[in-house]
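This is a predicted model, so every value here is computed, not measured. For the numbers below, each heavy atom of this structure counts, side chains included, while hydrogens, waters and symmetry mates do not.
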Amino acid sequence: MEVFIFVLAAIAIGLLFSTFNILKEYERGVIFMLGRFQTVKGPGLIIVIPFIQQMVRISLRTAVWDIPSQDLITKDNVSVKVNAVLYFRVVDPQKAVINVEDFMEATSQLAQTTLRSVLGQHELDELLSERERLNSDVQDILDQQTDGWGIKVSNVEIKHVDIDESMIRAIAQQAEAERSRRAKVIHAQGEFEASQKLVEAARQLATEPASIQLRYLQTLTEIAGEQNSTIVFPLPMNILEGLSQLGSTLQHKGNPPQQADKPDAGN
C-alpha cells in the first residue's frame with residue numbers, strides 16, 4: 001500500500017511540474033488544445049494542462065545558418081563554388097509550427113537552391129564585383145518564399161567565391177591588360193591636352209614678336225642653372241631662312257653673268 005501511495009505521489013508531482021512552464025523573454029509557446037491550435041503564450045509562467053494541452057517552444061532570436069559550398073555554372077559558363085551565410089528569425093510562431101514541419105531545415109534547403117538559381121543567372125564579373133546587389137536579390141526571394149512559414153530573412157551574405165586556378169590567371173591577365181589600356185588612354189589624353197595648351201601659347205606669343213625672345217632668354221637661364229657644360233640655343237627658322245637668302249644674294253653678286261661671244265669679223 002505504501003508503494004502504491006508513493007507511486008501516485010511521484011506521478012502527481014511529475015504532472016505538477018509539467019503543468020507549470022517558464023518561457024524566457026525570447027521564447028514563445030504555441031498551445032494546442034486536444035490537437036487544435038489554441039493560442040500563442042509567453043514569456044513568463046505558462047500553465048499547460050497535462051494530456052489536454054500541448055506546448056511547442058519557439059525561439060524568436062535571429063538564427064545564423066552557414067550555407068554549404070554550392071557548385072554552380074555562371075551565365076558565361078564558368079564553374080565556381082560559392083558559400084554564404086543566412087540570417088533569419090521567426091516572426092510568427094503559429095505559422096512556423098503549423099505551416100511547415102521543420103522550418104529550420106526547410107529554410108536551409110530553400111536557401112541553397114535559391115543561391116544556385118540566382119547566381120547562375122549572372123556572369124563571373126558580376127559575381128565578383130556586384131555582391132551587394134546579388135545579396136539583396138537572394139534575400140528578397142527568400143524573404144518572399146518564407147513569409148508563409150512565419151520566417152523573416154534579415155540578411156544574406158556571400159562569403160567566398162572559389163574559382164579554378166586557370167581562371168584566376170586569366171582574370172589576372174585581363175586586369176593587367178585593362179590597366180595597360182587605361183594607362184595608354186590617360187597618356188594620350190595628356191598629350192592631347194598638352195598640344196592644345198601649346199597651340200594657345202603659340203597664338204599668344206605670336207601677338208608680340210619680342211615675347212619669343214624673352215622666352216628664349218628664360219630658357220637659357222633655366223639651362224644655365226643646371227650646371228651644364230653645353231648650352232643649345234634655339235634659333236627661329238625665319239632667321240635661318242634670312243641667312244640663306246643673304247648668302248644666295250652675295251654669291252650672285254660675286255659671279256656676274258658672262259657676256260655672249262661676239263661673231264667672228266671674217267664671217
Return the minimal non-hydrogen interatomic distance between Leu119 and Leu72, and the atom names on each side.
CB-CD2, 3.9 Å

Does a side-chain N-to-carboxylate-O contact under 4.0 Å join Lys95 and Asp147?
no

I need the Leu86 CG to Gln112 CD distance, nearest 0.5 Å.
10.5 Å

Output for pair (Ile163 CD1, Ser79 OG), nearest 0.5 Å, gives 10.5 Å

What is the minimum heavy-atom distance between Ile31 and Met55, and which atoms define it?
CD1-CG, 3.5 Å

Worked check of side chain to side chain contact (heavy atoms under 4.5 Å, CB included) between Val85 and Trp65
CA-CA 6 Å; Val85 59; Trp65 187 269; over 6 Å; no

Side chain to side chain, His187 and Glu191, heavy atoms closer than 4.5 Å
yes

Given side chains that start at C-beta, do those of Asn83 and Ile67 come closer than 4.5 Å, heavy atoms only?
no

Ion pair present between Arg57 and Glu27, side-chain N to carboxylate O less than 4.0 angstrom?
yes

Side chain to side chain contact (heavy atoms under 4.5 Å, CB included), paired with Gln94, selected from Val90, Val97, Asp92:
Asp92

From Leu198 CG over to Arg203 CZ, what is the distance, rounded to the nearest 0.5 angstrom?
12.0 Å

Worked check of side chain to side chain contact (heavy atoms under 4.5 Å, CB included) between Ile46 and Val48:
CA-CA 6 Å; Ile46 305 300; Val48 179; 4.1 Å; yes

Same cluster for Ile141 and Val91 if Ile/Leu/Val/Met/Phe/Trp/Tyr side chains link at under 4.5 Å?
no

Start with the C-alpha distance between Val82 and His160, add both sets of side-chain angles, then the distance that settles side chain to side chain contact (heavy atoms under 4.5 Å, CB included), and finish with yes or no.
CA-CA 6 Å; Val82 180; His160 182 66; over 6 Å; no

Are any of the side-chain heavy atoms of Arg133 and His122 separated by less than 4.5 Å?
yes

Please check if atom CD1 in Ile22 has more than 12 non-hydrogen atoms from other residues, nucleotides or ligands closer than 6.0 Å.
no

Heavy-atom check, side chain of Pro43 versus side chain of Glu25, under 4.5 Å:
yes

Drop me the distance from Thr19's OG1 to Ile49's CD1, to the nearest 0.5 angstrom.
8.0 Å

Shared ILVMFWY cluster between Leu23 and Val40, side chains joined below 4.5 angstrom?
no

Are the side chains of Thr74 and Glu126 in contact, using a 4.5 Å heavy-atom criterion?
no

Which value, rounded to the nearest 0.5 Å, describes the distance between Asn135 atom CG and Ile158 atom CD1?
4.5 Å

Shortest non-hydrogen contact between Arg28 and Pro93, atoms and distance:
CB-CG, 4.0 Å

Is it true that Arg182 and Glu178 have a side-chain N and a carboxylate O under 4.0 angstrom from each other?
yes

Would you name the heavy atoms of Val153 and Phe88 that are closest together and state the gap between them?
CA-CB, 4.0 Å

Look only at the side chain of Ser195 and the backbone of Phe192, and say whether a donor-acceptor pair between them is shorter than 3.5 Å.
yes

Apply the test side-chain hydrogen bond (donor to acceptor under 3.5 Å, both in side chains) to residues Gln109 and Glu105: give CA-CA distance (whole Å), side-chain angles for both, the deciding distance (0.1 Å), then the verdict.
CA-CA 6 Å; Gln109 295 297 327; Glu105 182 65 20; 2.9 Å; yes

Shortest non-hydrogen contact from Leu142 to Ala111?
CD2-CA, 3.7 Å

Does one hydrophobic cluster hold both Met104 and Leu60, with members joined at side-chain heavy-atom distances below 4.5 Å?
yes

Tyr87 to Thr62 - nearest heavy-atom pair and separation
CB-CG2, 4.2 Å

Please check this pair: side chain of Asn99 against backbone of Gly148, looking for a donor-acceptor N/O pair closer than 3.5 Å.
yes

Look at atom CD of Glu132 and say whether more than 12 heavy atoms of other residues, nucleotides or ligands are closer to it than 6.0 Å.
no

Got a donor-acceptor contact below 3.5 angstrom from the Asp143 side chain to the Gln139 backbone?
no

Charged N-O contact under 4.0 Å between Glu176 and Arg179:
no

Rounded to the nearest 0.5 Å, what separates atom OG in Ser108 from atom CZ in Phe103?
12.5 Å

Kindly say whether Leu110 contributes a backbone atom to a donor-acceptor pair with the side chain of Thr113 at under 3.5 angstrom?
yes

Quick check: is Val100 connected to Phe37 through a chain of hydrophobic side chains (ILVMFWY, heavy atoms under 4.5 Å apart)?
yes

Test log, rule side chain to side chain contact (heavy atoms under 4.5 Å, CB included), inputs Gln53 and Gln38:
CA-CA 9 Å; Gln53 293 180 330; Gln38 182 181 12; 3.0 Å; yes

More than 12 heavy atoms from other groups under 6.0 Å of NZ on Lys159
yes

